[in-house]
Amino acid sequence: MTAANRADRYAVMGNPIEHSKSPLIHRLFAEQTGQDLVYEAILVHPGGFAEAVADFTGAAGKGLNVTVPFKQQAWQIADELSKRAQRAGAVNTLTMGAGDKLSGDNTDGVGLLRDLTRNLGIALSGKKLLLLGAGGAARGILAPLLEQNPSRLLIANRTAERARKLAAEFSDLGELHGCGFVDLKGSHFDVIINATAAGLQGHVPELPDGIINSRSYCYDLMYASEPTAFVRYARQCGVQAAFDGLGMLVEQAAESFRIWRGIAPDTAAVITALRAQ
Ligand code: NAP
């Protein structure tokens, strides 16, 4: 029997998946904490997610991360959901329990918050927040953002109706409104979080002039080896404090690792290692 056969098996499933940093992140966590595990990236074809999870479970897999476009399907197939996954309507962490029971969790929100508040030192309480985007990522981070008691939280989206619907869905958790980008004209915010997928095409959301000023904090959920389009745009607006989502990626992975292995890894060392690549 090889070491890989003996070690507990984990993986990330998505499509595309070849550029995923999750295998490297979990390998670094495992080395750092002395955990014996293997973690691979599995490309899953559209329509093949439930079968791929069943195969992985049948092969004694212990846990899965789930990324685009399967987070909502993972939510549907989970036998039980954490409170935060239930609220988000999406699952990025599956754990195989006794009798192959699948537990679903969502660690994206806690990952963003830990990066914003703990790593970057950005306090959100009493601040005016703007969340750009109303897709899956926005859903996952809304509740944790509202728990920080911002003075205002506005969701703005290219499709305004989607932002309004999302705001209505979470309005029991705090003062929250949705609108389109043009409706932002004349508004100012302390913290602007970009949860749109515009950056994947090298674009930025079409915001009215003056929304971002030099004192704003800007955070892009997207990450890349070069500054992302939104980070570059924020810097053009004079922002000093503009960050990409690499820290969130590592923090959400650390929370998955803690769920699976019961140990919280040192994320700072792993963020530094990834930045140095
Ligand atoms: P999604 O569910 O497909 O949602 C996409 C969102 O982006 C929608 O609100 C969409 O607006 C908007 N959008 C797309 N193209 C746009 C454009 N050209 N201009 C303005 N808005 C545009 O995607 P998602 O899962 O929420 O992911 C969003 C981003 O978050 C991705 O870049 C993803 O990589 C990143 N992410 C990062 C982490 C991390 O750990 N760092 C975790 C999760 C996600 P409409 O409603 O008008 O279509």
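Predicted model, so just to flag it, every value in this text is computed and none were measured. Remember, it's 1-based here, ligands and their atoms both numbered in the order they're listed. Excluded from the calculations below are hydrogen atoms, water molecules and symmetry mates; all remaining heavy atoms, backbone and side chain alike, are included.
Checked against Leu173 for a side chain to side chain contact (heavy atoms under 4.5 Å, CB included), the options Leu145, Leu153, Leu146 give a single hit: Leu146.
Under the 4.0 Å criterion applied to side-chain N and carboxylate O atoms, Asp220 and Arg232 are not assigned as salt-bridge partners. The existence of a salt bridge linking Arg158 and Glu206 is excluded, since no basic side-chain nitrogen approaches an acidic carboxylate oxygen closer than 4.0 Å. The existence of a salt bridge linking Glu147 and Arg84 is excluded, since no basic side-chain nitrogen approaches an acidic carboxylate oxygen closer than 4.0 Å. The pair Glu31-Arg27 counts as a salt bridge, with a side-chain nitrogen and a carboxylate oxygen less than 4.0 angstrom apart.
Protein heavy atoms come within 4.0 Å of atom 24 (P) of ligand 1. Protein heavy atoms all stay at least 4.0 Å away from atom 33 (C) of ligand 1.
Close N/O approach between Lys71 and ligand 1 is not found [any backbone or side-chain N/O within under 3.5 Å]. Polar contact check, Ala197 against ligand 1: a nitrogen or oxygen pair lies under 3.5 Å apart. Close N/O approach between Arg158 and ligand 1 is found [any backbone or side-chain N/O within under 3.5 Å]. Backbone and side-chain nitrogen or oxygen atoms of Val68 are examined, and none is located within less than 3.5 angstrom of a nitrogen or oxygen of ligand 1. Considering backbone and side-chain atoms together, Ala134 places an N or O closer than 3.5 Å to an N or O of ligand 1. The shortest N/O to N/O separation between Ala137 and ligand 1 falls below 3.5 Å. The shortest N or O to N or O distance between Leu221 and ligand 1 is under 3.5 Å.
For atom 4 (O) of ligand 1, the closest non-hydrogen atom of the protein is Gly135 CA, 3.4 Å. Closest protein heavy atom to atom 11 (O) of ligand 1: Asn157 OD1, 3.3 Å. Among all non-hydrogen protein atoms, the one lying nearest atom 42 (C) of ligand 1 is Met248 CE, 3.6 Å. For atom 29 (C) of ligand 1, the closest non-hydrogen atom on the protein side is Thr196 O, 3.5 Å. Among all protein heavy atoms, the one lying closest to atom 19 (N) of ligand 1 is Ala198 CB, 3.6 Å.
Close approach to Gly136 involves these atoms of ligand 1, each under 4.0 Å from a residue heavy atom: 2 (O), 26 (O). Atom numbering of ligand 1 starts at 1 in the shown order; those under 4.0 Å from a heavy atom of Gly133 are 9 (O). Interface of Tyr223 with ligand 1, defined as ligand atoms under 4.0 Å from a residue heavy atom, comprises 41 (N). Which parts of ligand 1 touch Ala195 is read off a 4.0 Å heavy-atom cut-off, strictly below it: atoms 28 (C).
Partners of Tyr233 under the ring-ring contact (aromatic ring centres under 6.0 Å, His included) rule, at least two apart in sequence or in another chain, do not exist in this structure.
Between the side chain of Asp190 and the backbone N or O of Lys128 there is at least one donor-acceptor pair closer than 3.5 Å. Listed for the Ser20 side chain is no donor-acceptor partner under 3.5 Å among the backbone atoms of Ile17. The backbone N or O of Thr107 sits less than 3.5 Å from a side-chain atom of Asn92, completing a donor-acceptor pair.
The closest side-chain donor-acceptor pair between Asp266 and Gln32, if any, does not fall under 3.5 angstrom.
For atom 45 (P) of ligand 1, the nearest non-hydrogen atom from the set Thr159, Leu246, Leu200, Asn194 comes from Thr159.
Within the 4.5 Å cutoff, the side chain of Asp115 has no heavy atoms near those of the Phe243 side chain.
Heavy atoms of Arg162 found under 4.0 angstrom from ligand 1 belong exclusively to the side chain.
For the pair Arg87 and Phe170, the cation-pi test (distance below 6.0 Å, angle within 45°) is passed.
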